[in-house]
Q: 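Quick one: structure below, then a few questions.
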Amino acid sequence: MDAILLQILNGLDKGSAYALIALGLTLIFGTLGVVNFAHGALFMIGAFCAVTVQRVLSLSFETVDESQKDFLGNPLKVKTPYVESWLGPDVGGTIIDWSVPLAILFAIPIMITVGYVMERGLIKHFYKRPHADQILVTFGLAIVLQEVVKYFYGANPIQTPAPEALNGVVNLGAIIGMDIVYPVWRVVYFFFAVVIIGGIFSFLQFTTFGMVVRAGMADRETVGLLGINIDRRFTIMFGIAAAVAGLAGVMYTPINSPNYHMGMDFLVLSFVVVVVGGMGSLPGAVLAGFLLGVLESFASMNEIKSLIPGIDQIIIYVVAIIILLTRPRGLMGRKGVMED
């Protein structure tokens with residue numbers, strides 16, 4: 001039972017990342033009708049926002065410390081971060097330690113701006129073009145962004161640790177009398193994903209802006225005839241979707257060290273999640289994200305892999321094939337989406 005619950009936790013952890021990225025993908029497709037293959041690159045840019053904040057906060061200068069000597073008896077040169085010099089070692093050290101959560105404040109405006117520029121500068125010209133054209137141009141954009149990040153940050157993964165207070169483990173099974181030890185930051189990531197997903201659904205469900213967007217997703221022409229600038233609202237939703245992907249990347253950095261190809265690693269899986277959930281269905285994207293995350297986690301168990309070697313590498317695609325054969329629109333897909 002302990003092993004089963006642990007795999008469920010692992011699945012919810014993976015599913016959180018899948019659901020967040022798939023949610024952003026579905027927001028873009030549901031509002032603009034664009035198949036955005038550059039969405040994984042937005043996840044990567046968010047991760048490198050966290051890397052940038054950590055590097056900026058860690059900028060330091062050298063001083064000679066007479067109290068410390070090397071093996072030859074010479075005074076040692078000590079690096080002191082500027083933040084600690086300005087605010088003191090306690091406050092400055094705490095700010096550096098919490099650089100990943102603080103990167104959220106930096107990433108939100110950056111990602112909204114990137115999303116706005118991407119939509120206004122490139123994607124708006126492909127609204128009425130075939131989906132194949134949209135895939136080609138956004139995939140090309142993803143490669144360009146990937147190479148830009150590789151040029152400035154290098155090809156090697158960059159370690160971005162979680163705050164020390166959240167870097168340990170917690171016994172989640174103590175409440176029910178079991179011994180289930182799990183990393184604290186992964187638990188934080190899951191609850192962070194739940195908050196973001198809940199916030200997006202609440203925004204769309206309970207605000208006037210969100211109601212207009214949902215109406216535009218259902219019947220864009222009628223909403224436009226009412227004198228509402230639905231295109232502007234859809235552009236804002238593109239920025240919000242970019243911010244969701246970026247925040248998912250920021251918080252994922254302590255789990256998986258950022259590298260220039262991490263966006264591509266998640267992109268294909270996220271599109272499978274979207275298709276399984278149903279193209280254009282926000283609840284379907286979230287449900288499929290967590291479902292496939294849990295299934296992938298169970299498939300990675302040694303007992304399962306010993307029975308079916310390599311199943312952990314293909315389980316998501318096998319499930320996708322089964323679901324699409326039985327439900328061609330996905331779990332919660334809408335009639336008419338991509339059926340013309």
Side-chain angles (χ1 to χ4, degrees), residues 7-36 39-40 42-43 46 104 111 115 186-207 209-211 213-214 217-218 234 237-252 255 263 265-298 315-317 319-320 322-324 326-335 337-338:
Q7 294 305 320
I8 292 175
L9 289 173
N10 285 332
L12 293 177
D13 170 36
K14 292 181 179 179
S16 299
Y18 295 160
L20 283 176
I21 302 175
L23 180 64
L25 272 170
T26 307
L27 276 174
I28 293 173
F29 182 80
T31 54
L32 302 173
V34 175
V35 181
N36 181 23
H39 202 71
L42 297 175
F43 177 79
I104 292 175
M111 296 309 304
R186 290 179 179 266
V187 177
V188 171
Y189 190 83
F190 169 73
F191 283 106
F192 173 82
V194 170
V195 169
I196 294 296
I197 292 170
I200 293 296
F201 277 94
S202 299
F203 175 72
L204 292 174
Q205 189 71 28
F206 302 115
T207 66
F209 187 99
M211 293 177 186
V213 168
R214 286 190 290 113
M217 292 170 69
F234 282 174
M237 289 308 299
F238 195 103
I240 292 175
V244 170
L247 293 180
V250 168
M251 295 296 284
Y252 205 73
I255 298 175
D265 294 342
F266 274 89
L267 177 65
V268 176
L269 291 175
S270 299
F271 263 100
V272 173
V273 170
V274 170
V275 172
V276 169
M279 293 296 291
S281 172
L282 297 176
V286 175
L287 173 63
F290 285 111
L291 173 63
L292 294 180
V294 171
L295 290 175
E296 186 180 25
S297 177
F298 275 102
I315 182 63
I316 287 182
Y317 307 102
V319 172
I322 294 173
I323 289 178
L324 293 179
T326 55
R327 295 183 61 88
R329 294 185 186 130
L331 295 175
M332 303 179 70
R334 302 198 312 268
K335 182 179 180 180
V337 177
M338 293 191 78

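This structure is a prediction, so every number in the text was calculated from the model and none was measured.
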Q: Tell me the closest heavy-atom pair linking Gly24 and Ala241, and the distance in Å.
A: O-CB, 3.5 Å
Q: For the side chain of Thr207 and the backbone of Leu204, is there at least one donor-acceptor N/O pair under 3.5 Å apart?
A: no
Q: Cut-off 3.5 Å, no hydrogens considered: what does the side-chain donor-acceptor table look like for residues 192-202, sequence neighbours left out?
A:
unit_1 : atom_1 : unit_2 : atom_2 : d
Ser202 : OG     : Gly198 : O      : 2.8

Q: How long is the straight-line distance from NE2 of His39 back to CG of Leu23, given to the nearest 0.5 Å?
A: 8.0 Å
Q: Applying ring-ring contact (aromatic ring centres under 6.0 Å, His included), can you list everything that pairs with Phe266, at least two apart in sequence or on another chain?
A: Phe43, Tyr252
Q: About how many Å separate NZ of Lys14 and CD1 of Ile316, when rounded to the nearest 0.5 Å?
A: 8.0 Å
Q: Which pairs would a plain distance check flag for residues 284-296, meaning a side-chain donor or acceptor within less than 3.5 Å of a matching protein atom at least two apart in sequence or in another chain?
A:
unit_1 : atom_1 : unit_2 : atom_2 : d
Glu296 : OE1    : Tyr18  : OH     : 2.6

Q: How many angstroms lie between CG in Leu267 and CG in Leu25, if you round to the nearest 0.5 Å?
A: 7.0 Å
Q: Under the ring-ring contact (aromatic ring centres under 6.0 Å, His included) test, which residues partner Phe271, sequence neighbours left out?
A: Phe37
Q: Mind checking ring-ring contact (aromatic ring centres under 6.0 Å, His included) for Phe203 and listing every partner two or more places apart, or none if nothing turns up?
A: Phe209
Q: When you look at Phe238 and Ile28, which way does the side-chain contact (heavy atoms from CB on, under 4.5 Å) test go after all the steps?
A: CA-CA 6 Å; Phe238 195 103; Ile28 293 173; 3.7 Å; yes
Q: Does the side-chain contact (heavy atoms from CB on, under 4.5 Å) test come out yes or no for Phe29 and Asn36, once each step is laid out?
A: CA-CA 8 Å; Phe29 182 80; Asn36 181 23; over 6 Å; no
Q: Set out, in order, the CA-CA distance, both residues' side-chain angles and the distance that settles side-chain contact (heavy atoms from CB on, under 4.5 Å) for Tyr189 and Leu20, then state yes or no.
A: CA-CA 11 Å; Tyr189 190 83; Leu20 283 176; 4.0 Å; yes
Q: Going from OG on Ser16 to CZ on Arg186, what distance comes out if it is rounded to the nearest 0.5 angstrom?
A: 10.5 Å
Q: If you take all heavy atoms of Ser297 and Asn10, which pair is closest and at what distance?
A: OG-CB, 3.2 Å
Q: Hey, mind stepping through Val188 and Met251 against side-chain contact (heavy atoms from CB on, under 4.5 Å) and telling me if it holds?
A: CA-CA 9 Å; Val188 171; Met251 295 296 284; 4.2 Å; yes
Q: Can you see which heavy atom on Tyr317 is nearest to which on Val268, and at what distance?
A: OH-CG1, 3.9 Å
Q: Please report the shortest heavy-atom distance between Gly46 and Val250, naming the atom on each side.
A: O-CG2, 3.0 Å
Q: Taking side chain to side chain contact (heavy atoms under 4.5 Å, CB included) as the definition, give me every residue that meets it alongside Ile8, ordered by chain and number, with sequence neighbours left out.
A: Ile4, Leu5, Leu12, Phe298
